[in-house]
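A, B, ... follow the sequence lines: proteins, then strands. Residue 1 opens every chain.
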2 protein chains.
Amino acid sequence: MRLSQGRETVFAVIMRTHGHFTAEDIVKACRGKASKVSRATVYRSLQELLEAGIVRVTAFGEKHNHFEHTYDERLHHHAQCVRCHGFIEFPDLDEDERYRPLLEKEGFKVLGHEMHFYGICKKCRKKG
Amino acid sequence: MRLSQGRETVFAVIMRTHGHFTAEDIVKACRGKASKVSRATVYRSLQELLEAGIVRVTAFGEKHNHFEHTYDERLHHHAQCVRCHGFIEFPDLDEDERYRPLLEKEGFKVLGHEMHFYGICKKCRKKG
DNA sequence: CTATATATGAGACAGTGTATCAATTAGCAA
DNA sequence: TTGCTAATTGATACACTGTCTCATATATAG
């Protein structure tokens with residue numbers, strides 16, 4: 001794999017981005033730069049980072065994906081509202097060690113994991 | 001909420017569907033029937049079932065959603081390949097009880113949960 | 001420097017899910 | 001049963017995400 005210009009720019013932009021972000025967020029951020037990175041390159045690079053375990057997908061049930069870094073953050077999970085799609089975060093209590101051996105025995109190379117609780121958030125419950 | 005024709009048909013079709021399915025699967029299945037249910041109604045009903053906790057979302061990182069029933073199946077989770085998006089299922093070891101109180105304390109009404117491991121599947125590892 | 005395989009950009013494209021709005025219908029009350 | 005009313009529907013147009021193609025550009029090896 002070459003350390004090409006486009007790839008380098010995308011990587012840099014993503015590393016500068018904190019919290020959750022979508023693919024389009026990165027596309028826009030790259031447009032701001034003089035670097036000129038196309039949408040296709042952003043999606044390609046994002047896929048590479050996904051495969052490398054540098055970013056992970058965090059949202060369900062929406063049209064577009066949300067990503068976040070896997071590094072430099074305390075491991076946490078998400079509880080998502082099935083109405084408004086908003087979410088709250090909560091800390092990990094370490095299930096990894098219980099499941100990982102089971103999966104690796106089946107030839108699955110684990111890059112990471114996430115718990116996803118779904119339900120109705122406080123705000124939507126009030127709305128009725 | 002009314003027990004309208006469209007809603008009833010969609011519910012029936014979904015209950016007859018086993019395993020994983022997409023919204024479009026249901027749209028097609030409803031077309032087969034003489035019932036004539038529009039795409040809009042299918043999506044609306046699916047959202048209602050989601051909110052009721054009857055179905056849940058199970059796939060990440062794809063353009064369209066996958067759903068499955070939450071009832072009548074042993075609780076299981078998914079390990080998904082970041083390359084081919086295929087997945088394997090594995091049983092639940094019951095983290096629910098550890099996390100649920102934490103979330104309900106914050107006003108979040110839990111409908112269910114799922115663990116999502118991501119990584120590279122056996123087949124994709126062989127491909128290089 | 002040159003060759004060559006890899007990566008890129010631009011745009012066309014397909015598919016998913018959303019919004020609109022007039023027409024229809026379920027449920028209720030008399 | 002009939003009529004009222006608000007909820008629901010279908011048809012369609014629409015926005016947006018992510019994919020694909022292919023000619024052009026570029027990183028790297030030799």
query: Can you list the steps and then say if A:Arg100 with A:Glu104 is a salt bridge (Lys or Arg N to Asp or Glu O under 4.0 Å)?
result: CA-CA 6 Å; A:Arg100 185 185 287 260; A:Glu104 307 219 316; 3.7 Å; yes

Separation of D:dG18 C1' from A:Asp25 CG (nearest whole Å): 15 Å

field: A:Phe21 CZ - D:dG18 P separation (whole Å)
entry: 12 Å

Any B:Thr41 side-chain N or O less than 4.0 Å from OP1/OP2 of D:dG10: yes

Near-strand residues of residues 42-55 of chain B, defined as heavy-atom separation under 4.0 angstrom from DNA chain D: B:Arg44

query: Centres of the A:His20 and A:Phe87 rings: under 6.0 Å?
result: yes

field: salt_bridge(B:Glu106, A:Lys122) N-O dist < 4.0 Å
entry: no

query: Do the rings of A:His77 and B:Tyr99 sit parallel, tilted or perpendicular, given the 30° and 60° boundaries?
result: perpendicular

From D:dG10, C:dA26, D:dT8, nucleotide with atom closest to B:Met1 side chain: D:dT8

- request: Look at A:Asn65 and D:dG18 and indicate whether a side-chain polar atom (N or O) is within less than 4.0 Å of OP1 or OP2.
  value: yes

message: What is the distance, to the nearest angstrom, from the NZ atom on B:Lys36 to the C1' atom on C:dT25?
response: 17 Å

query: Looking just at side-chain N and O atoms, do A:Tyr118 and B:Glu51 make a donor-acceptor pair shorter than 3.5 Å?
result: no

Interatomic distance where CD belongs to A:Glu8 and P belongs to D:dT26 [whole Å]: 15 Å

message: Taking atom types as they are modelled, would you say the side chain of B:Arg2 forms a donor-acceptor pair with the base of D:dA6 within the 3.5 Å cutoff?
response: yes

query: Between B:Leu3 and A:Ala40, which has a closest nucleotide on DNA chain C that is more 5'?
result: A:Ala40

- request: Ignoring backbone atoms, test whether B:Ser4 places a side-chain nitrogen or oxygen under 4.0 Å from the OP1 or OP2 oxygen of D:dT9.
  value: yes

query: How close or far is atom C1' of C:dT24 from atom CZ of B:Arg7, stated in whole angstroms?
result: 14 Å

query: Would B:His76 and B:Asp92 count as a side-chain hydrogen bond (donor to acceptor under 3.5 Å, both in side chains) if you check the C-alpha gap in whole Å, the side-chain angles of each, and the deciding distance to 0.1 Å?
result: CA-CA 5 Å; B:His76 64 270; B:Asp92 178 69; over 6 Å; no

- request: Assess the pair B:Phe117 and B:Phe90: is the distance between their ring centroids shorter than 6.0 Å?
  value: yes

query: Between atom CD1 in B:Ile26 and atom C1' in C:dT16, what is the gap in whole Å?
result: 15 Å

- prompt: To the nearest angstrom, how far is A:Arg31 atom CZ from C:dG11 atom P?
  reply: 11 Å

- prompt: Looking for any heavy atom pair under 4.0 Å, which part of the strands does A:Arg39 touch: base, sugar-phosphate only, or nothing?
  reply: base

